[in-house]
Structure formats: C-alpha cells, structure tokens
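Down below is the structure, laid out as structure tokens.
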Amino acid sequence: MAQDGHKEHPKYMNIFWWLLALTIIEVAVAIPDYATVLKAILLIGLACAKAILVANYFMHLKFERRTLAIIVVTPFLICVLLVFALMPDLTSDDRHEGIEKPAEVVDTSAH
C-alpha cells in the first residue's frame with residue numbers, strides 16, 4: 001500500500017521500457033549471420049522473458065494465487081520443451097536431401 005491509502009500499481013512504463021529494450025536486443029540478435037541454433041536459443045530466451053513480463057504485469061498473474069500460476073506455467077514449459085525437442089530436426093541439413101531443385105527457366109522471348 002502506498003502512503004496515501006491507495007493501492008500501489010505496477011510501474012507499467014518501467015515494463016514498457018524493459019519490453020522495448022528486449023525487442024531491440026531481439027532485432028540485434030536476429031540481424032547478424034551466425035549459427036542458427038544459437039540464434040534460435042537467444043531469441044527463444046528473449047521471447048520467454050518478454051512473455052513473463054507481460055503475464056506478470058499486464059495479465060496480473062503476479063498477484064494471483066500459486067495455483068493459477070502453475071496452470072499458466074505448465075503449458076508454457078511444455079511448449080518450450082517441444083521447441084527444443086524439435087530443434088535438431090528443424091536445423092539439420094539432411095531434410096534437404098532428395099529434394100530436386102527446379103529446372104532453370106530459359107527466357108526465349110529475348111530473341
């Protein structure tokens with residue numbers, strides 16, 4: 001409680017600045033060309049941090065009971081686990097084997 005008797009609210013502008021900073025970091029991580037797995041791990045981590053900030057403050061989960069937090073966190077963890085479990089399949093170059101490249105189109109209208 002604040003001194004004037006009103007309930008103190010989370011500092012939404014602080015959360016906004018954190019979300020903005022994390023978004024800028026995401027863009028900075030996405031632009032350079034380096035290992036896809038490292039880039040994916042960094043982007044997933046940043047997205048998780050942003051999701052936690054939004055859930056805690058804008059969805060007011062910070063003030064809810066522990067049971068509701070568990071209900072929200074469980075599918076989130078399953079989703080993250082699924083992404084990491086599928087990452088080897090998504091990043092392997094073996095998936096391109098056996099796929100024929102389309103034949104080059106010859107432009108005959110130039111004659």
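Under the 4.5 Å side-chain contact rule for hydrophobic residues, Trp18 and Val54 share a cluster. No continuous path of ILVMFWY side-chain contacts below 4.5 Å connects Val27 to Leu43, so the two sit in separate hydrophobic clusters. Under a hydrophobic-cluster definition in which Ile, Leu, Val, Met, Phe, Trp and Tyr are linked whenever side-chain heavy atoms come within less than 4.5 Å, directly or via other members, Phe16 and Ile24 are assigned to the same cluster. Under the 4.5 Å side-chain heavy-atom criterion for grouping Ile, Leu, Val, Met, Phe, Trp and Tyr, Leu38 is connected to Leu46 within one hydrophobic cluster.
Leu77 contributes atom CG, which lies 8.5 Å from atom CG of Leu81 (distance to the nearest 0.5 angstrom). Atom CD1 of Ile25 is separated from atom CG of Leu20 by 10.0 Å, given to the nearest 0.5 angstrom. Taking CD of Glu26 as the start and CD1 of Ile44 as the end, the distance is 11.0 Å to the nearest 0.5 Å. Atom-to-atom distance recorded for Ile41:CD1 and Thr36:OG1 is 11.0 Å, nearest 0.5 angstrom.
In plain terms, the two heavy atoms of Asp33 and Lys39 that are nearest each other are CA-NZ, 4.5 Å.
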Practice item. Could you go through the side chain to side chain contact (heavy atoms under 4.5 Å, CB included) check for Leu22 and Leu53 one step at a time? Key: CA-CA 11 Å; Leu22 289 171; Leu53 280 172; 3.9 Å; yes
Practice item. Please test Val29 against Tyr34 for side chain to side chain contact (heavy atoms under 4.5 Å, CB included), starting from the C-alpha separation and ending with a verdict. Key: CA-CA 9 Å; Val29 165; Tyr34 52 92; 3.0 Å; yes
